Amino acid sequence: MNNILIWNSLPKLALVSLVAFSVGCQRNTPAPASELASEPAAAAAAEPKLVDTARIAAGDSEPGNWLSTGRTYNEQRYSPLDKVNAGNVAKLGLAWSYKVDIDRGAEATPVVVDGVMYTTGAYSIVYAINAKTGEQLWKYDPQVQRSKSGNACCDVVNRGVAIGQGKVYVAAFDGRVIAINAKDGTKAWEVDAKDGSGRTFALTGAPLLVKNLVLVGSGGAEYNARGYISAFDIATGKLAWRFYTVPGDPAKPDESAAITLARKTWTGKQYWKQGGGGTVWNTIAYDPETDLIYFGTGNGVSWNKLERDEPNGDNLFISSIVAVKAETGEYAWHYQETPNDNWDYDACANIILADITLDGQLRKVLLHAPKNGFFYVLDRKDGKLLSAEKFAPTTWATHVDLKTGRPVVDQKVADWSKEAKVVAPGPFGAHNWQPMSFSPKTGLVYIPAQEVASMMAPHKEPSFDNREGVWNIGGDLPIPADPKVIEQIAASLKGRLIAWDPVAQKQVWSQPYTNIWNGGTLATAGNLVFQGTADGRVVAYSADKGEKLWESPANSGVMAGPMSYEVDGEQYVTVMAGWGGVFPLIGGAISNYAKVRPEARVLTFKIGGTASLPAPKNEAVPLPELQEVKADAKTLARGAELFIGNCAQCHGLNAVGGGVIPDLRYLTPEKHAIFAGIVAGAKSDRGMPSFAGRFNPEEVEAIHQYIIERSHALKQALGSPAEGAASAK
């Protein structure tokens with residue numbers, strides 16, 4: 001790729017870019033116990049009471065528990081507890097914290113059942129914790145293959161567990177679904193969720209328990225994935241059904257009538273070779289009344305519609321909401337939010353089910369605010385579009401036509417498939433995976449929104465690499481190297497907490513942030529909204545007016561959704577803190593303005609809490625002895641091209657690390673001496689995938705020389721905020 005260094009200012013739009021890369025290394029810390037307890041605990045948890053579909057559906061009858069990742073099947077992330085409220089939240093203090101093993105992105109929402117908390121950290125490690133004291137009860141490490149770390153676009157994260165029938169279910173990053181005995185943390189069963197196609201595959205989403213099934217989606221739509229959702233028997237792990245979201249090899253029979261329907265909307269000849277995309281990598285919702293499962297699907301492979309040979313087809317079911325019957329996985333309905341998606345507009349943001357009054361009639365609706373910038377209200381019985389309006393700056397489409405249900409795309413602005421364009425939202429989205437919440441008390445949805453546009457440019461020559469772990473987005477997303485321009489870009493990024501009225505389809509109030517990539521939200525009956533922030537805080541606002549009422553330091557960026565529970569009559573609020581994900585990995589120079597590092601913890605607060613966190617880590621290190629640049633300009637340019645296409649997904653644009661994994665500009669002389677071996681897989685057990693066979697020796701050395709050149713550039717620029725902030729290793 002030849003990335004032109006471009007930045008273009010847009011009114012009220014932040015411009016940031018992202019490019020196609022793959023691979024990374026993990027950052028480890030010792031396996032710890034609670035930071036409140038005097039020593040680690042290794043006791044078994046009490047035998048949990050039966051958790052099943054009926055109990056989760058009736059979750060409002062026991063507000064002290066949080067039985068599923070969204071609390072109940074409606075995924076509203078609303079707590080009926082009100083002992084912590086707008087009148088006393090200022091007295092909230094840290095009750096306890098628990099340090100998880102690996103300092104990478106923390107994205108899970110914990111589940112609490114009868115006084116025990118179950119949550120996950122990076123590499124899908126599961127923790128059972130005493131919800132009152134923070135004492136570890138047990139830990140289960142699935143021993144994820146570190147060599148597979150490059151098989152997901154956006155960090156080795158996990159968004160939580162499902163619990164039911166005495167077991168805890170986790171979708172492990174490397175493609176296994178594991179049932180763990182809730183009492184003692186021992187493994188009950190394990191199954192491989194891959195379909196045998198050999199395509200790039202990773203699991204990051206939280207499973208969902210429905211009846212006698214555990215539901216798990218799939219990831220990998222930046223690679224060569226074909227999306228699907230699977231249902232496994234909760235007692236044995238046997239596959240019950242699987243729903244593919246895009247058609248496969250046309251020479252083989254279609255797996256379902258839905259695939260036959262979808263195939264009519266794919267007009268090219270190579271999509272099935274590329275995989276097609278449409279992965280189900282995030283939230284899943286269930287309505288016991290309709291007995292339907294709802295899930296959102298991801299982008300197509302490649303993003304660029306021309307590189308996937310699809311100039312005009314809708315390409316079902318990418319970027320869609322799909323409803324299927326719970327027991328069989330049979331197709332019920334779909335609504336495609338972005339037909340012929342050309343912008344990475346996943347529909348995988350969390351889905352909320354609610355009952356609201358529209359035109360004087362109580363309607364059972366599905367609420368959705370995906371990456372494409374429109375807030376959708378659908379009838380959840382049949383998928384009919386009821387309304388859609390922009391909730392963030394959006395230029396790719398002028399509006400959604402309510403008669404046809406289709407967006408009206410402004411092709412002059414949005415179609416970058418043949419020439420570079422600045423499009424809003426960009427691939428980071430107006431709302432990404434960080435969960436929104438809904439309060440039936442205020443009738444408002446609380447969206448962790450962001451204003452961010454991107455320059456998107458097609459490849460000069462179409463290319464696709466079908467090997468495992470290789471990113472294929474079909475274009476370039478240029479970003480400048482000039483620190484002053486990067487500083488301008490970082491200043492233009494805007495995060496925003498928006499309180500949205502889904503009936504009137506308008507903003508009621510908002511709170512601005514100076515960074516994007518802020519955390520999910522929790523609404524409570526105490527007239528509160530909780531949210532973590534990218535710059536390392538946990539904040540509470542009044543739910544009705546948006547007044548800031550409280551905040552506490554988190555020592556790290558917070559992305560996960562908070563939750564609340566009750567033990568022995570006392571209400572607690574918990575959130576996982578830990579910086580990571582695609583923004584700090586790729587956008588290191590820009591994300592460094594958040595000035596946080598990935599200290600991963602469970603943080604739990606209560607009224608009158610007096611615990612404290614240790615001082616934030618200060619990992620600034622001096623620049624090691626510089627190596628001599630031994631390459632000419634042509635070789636350095638080739639090294640930059642190879643780095644951008646293969647390394648920057650984890651090690652940062654322009655080789656500027658975001659603090660999550662090592663900044664390669666700080667390589668020691670010893671690491672430089674074994675650079676070729678590292679690229680060939682010497683550290684694959686640490687999370688650096690092997691690139692053996694992908695590069696010839698000259699290409700490896702070109703990448704090496706480019707990194708050395710970037711180290712010299714850093715030495716010259718250490719005084720500037722953009723580069724100096726990235727100096728932590």
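Predicted model only: the values in this text are computed from it and were never measured.
Annotation: side chain of N65 is in contact with side chain of D114 (closest heavy-atom distance under 4.5 Å). Y513 has its side chain within reach of R537: a pair of non-hydrogen atoms, C-beta onward, lies under 4.5 Å apart. Looking only at side-chain heavy atoms (C-beta outward), V126 and V161 come within less than 4.5 Å of each other. Side chains of F391 and H431 form a contact here, defined as non-hydrogen atoms less than 4.5 Å apart. Between T120 and V170 the shortest side-chain heavy-atom distance falls below 4.5 Å. Two residues are said to be in side-chain contact when any heavy atoms from C-beta on lie closer than 4.5 Å; L613 and S97 meet this criterion. Contact check for W500 versus V508: no side-chain heavy atoms found under the 4.5 Å cut-off. Between V575 and V573 the shortest side-chain heavy-atom distance does not fall below 4.5 Å.
Between D101 and Y123, the side chains place no donor N or O within less than 3.5 Å of an acceptor N or O (distance only, hydrogens not considered). For the 3.5 Å distance criterion, the side chains of R77 and T109 qualify, holding a donor opposite an acceptor. Using modelled atom types, one finds no donor on one side chain facing an acceptor on the other under 3.5 Å when comparing S320 with E337. For the residue pair T574/T604, the side-chain donor-acceptor check at 3.5 Å is satisfied. A side-chain donor from one of W281 and D346 sits under 3.5 Å from a side-chain acceptor of the other.
The ring-ring contact (aromatic ring centres under 6.0 Å, His included) contacts involving residues 66-90 comprise Y73-Y286, where partners must be two or more places apart or lie in separate chains. Screening residues 502-523 for salt bridge (Lys or Arg N to Asp or Glu O under 4.0 Å) gives no qualifying pairs among residues at least two apart or on separate chains.
Going from atom CH2 of W579 over to atom CZ of R597 covers 10.5 Å, rounded to the nearest 0.5 Å. The distance from the OG1 atom of T521 to the CD atom of Q531 is 6.5 Å, given to the nearest 0.5 Å.
The salt bridge (Lys or Arg N to Asp or Glu O under 4.0 Å) check on D355 picks up K364, R380, with sequence neighbours excluded.
Comment: E570 does not engage K132 in a salt bridge, judged by the lack of any side-chain N to carboxylate O separation of less than 4.0 angstrom. A salt bridge links D60 to R71: at least one charged side-chain nitrogen sits closer than 4.0 Å to a carboxylate oxygen.
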